[in-house]
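Beneath this line is the structure, given in structure tokens, with notes to follow.
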There are 2 protein chains.
Amino acid sequence: MQTPPDNATVSASGEQGILEAAEILFAEKGFDAVSMSAIAKLANTSKPNIYHHFKNKDELYLAIIKTAVQRASSLLDELEGAPGTFRQRLARFSAGQLDNIIAHGRSTQLVLREALSGNSERARETANYMVSEVFNRLVAMVRHGQENGELREDIDPTLAAFMIESANMFYFQTMPIMKNIPEINYADDAGAFTEGVMDIIFNGVLQK
Amino acid sequence: MQTPPDNATVSASGEQGILEAAEILFAEKGFDAVSMSAIAKLANTSKPNIYHHFKNKDELYLAIIKTAVQRASSLLDELEGAPGTFRQRLARFSAGQLDNIIAHGRSTQLVLREALSGNSERARETANYMVSEVFNRLVAMVRHGQENGELREDIDPTLAAFMIESANMFYFQTMPIMKNIPEINYADDAGAFTEGVMDIIFNGVLQK
DNA sequence: ATACTAACCGACCGTTCGGTCAGTTTATGA
DNA sequence: TCATAAACTGACCGAACGGTCGGTTAGTAT
């Protein structure tokens, strides 16, 4: 893998620099396609020094995943406590989560790839935890709206929550593809996307 | 990677056996984590014989992706020509596509991973083509319903199509995770899932 | 200055990687 | 039956892998 380092660079030094470099490379190419030498090079250090800070490649990978999950988790706490009507809160939670995963695109891609990879016991549990946590909070919000009588009684709250999360996650995953489809005009505007999604979720597409 | 072969076995022999084995392993572990020796072992042949049939590892990988995309593409043709009302046809297209990607889970995972990987020029264009094709057909159907006056004029047809495809794709991606969440009772029932999704897409979740 | 430790490195290890070579077996068709 | 080509193989190649070795530097407390 003699691919040129990247457009990205590492600012910090020491252990933090290693973590940064590893996050960049793992997110970009995946676990197996990244060598410890490549990480050392991008971090401006030596391979043995990485092993001074981390037991092995798996542990370095796990450290990055855990950091990403924790950050996402604490940001969800903030979002959930917001005020407003039920509909506003649900829409803002969805929009905030989407902004968050886009802003931290590298770690999101890392966690998502691990959660959805279908194999490797490496860090799947940790990654699954994040996906499930977003999902559970969405379900709770939808269920709450249902109890308040704002939502139809005959819909499955987990299904509505699933549709919101799937829209957000698939939006994030397909952003590079969407930008090549000219008729899509929300590829660069996550706010407009969420607004449209919530409109359809709330009101449906049928003519009244 | 001395992981035991798998529960899967290869039935065919010769070139077809190599393709089968490679598809199994690539889908399970991804390109970089699969060695040519492992493929040879699972295909009950030798490594040089793989190179007799395929120029190199990349070409073998590309051959599998192309086969998968072609099969999916021809199945979409069938689905699109179905009769019925607009709503029936849209629901059946969505359900059929979901059944299809679940039935061919291995190749779907392969194509999806390639399309969403965010790197590697290996086969991304081919994989993107499949994602875009499903999307374009959905957009055309939604737009048709809009022209017939069955759908609201103020919704973006690409957005409705995106939500349907995202629900299907994310359903496929998260099936293993969903089975661990007890409150989800459509994890094993793609038909019920599609029905619920289309209900929400058409009618929304709000109390009338 | 001394002693101790964390941070760091060049050189190297055994193993496996993608890929090749020189040759053998198997099927085909005249 | 015999030539020809396709299918197939064991042994091997240089390169790169994850990881370790012995040793050096830099900071810090006494």
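Here B:Asp32 does not pair with B:Lys57 in a salt bridge; the nearest charged N to carboxylate O distance is not below 4.0 Å. Salt-bridge check for B:Glu183 with A:Arg143: passed, with a basic side-chain N closer than 4.0 Å to an acidic carboxylate O. Between A:Arg137 and A:Glu80 there is a salt bridge, with a side-chain nitrogen of the basic residue lying less than 4.0 Å from a carboxylate oxygen of the acidic one.
Atom CG of B:Asn44 and atom P of D:dC8 are 11 Å apart (whole Å). Following rounding to the nearest Å, B:Ile50 (CD1) and C:dT20 (P) show an atom-to-atom distance of 13 Å. Protein atom CG of B:Asn49 is 5 Å distant from nucleotide atom P of D:dT9, rounded to whole Å. If you take CD1 of B:Ile18 and P of D:dT9, they are 9 Å apart, rounded to a whole angstrom. Whole-Å rounding puts the A:Leu25 CG to D:dG18 P distance at 12 Å. Atom OH in A:Tyr51 sits roughly 20 Å away from atom C1' in D:dG23 (whole-Å rounding). Rounded to whole Å, atom P of D:dG18 lies 8 Å from atom CZ of A:Phe31. Rounded to whole Å, atom C1' of C:dG18 lies 16 Å from atom CZ of B:Phe54.
Residue A:Thr45 places at least one side-chain N or O closer than 4.0 Å to OP1 or OP2 of C:dC9. Put simply, A:His53 has a side-chain N or O that comes within less than 4.0 Å of OP1 or OP2 on C:dC8. Note on A:His52: every side-chain N or O is 4.0 Å or more away from OP1 and OP2 of C:dC8. Here B:Ser35 reaches the OP1 or OP2 of C:dC17: one of its side-chain N or O atoms lies under 4.0 Å away.
Ring to ring, B:Phe170 and A:Phe170 are not that close: their centroids are 6.0 angstrom or more apart.
Ring planes of B:Phe86 and B:Phe202: perpendicular class, angle over 60° (limits at 30 and 60°).
Distances from the side chain of A:Ser46 to the nucleotides D:dG18, C:dC9, C:dT20 place C:dC9 closest.
At a cut-off of 3.5 angstrom, counting only N and O atoms as typed in the model, there is a donor on one side and an acceptor on the other between the side-chain of A:Lys47 and the base of D:dG18.
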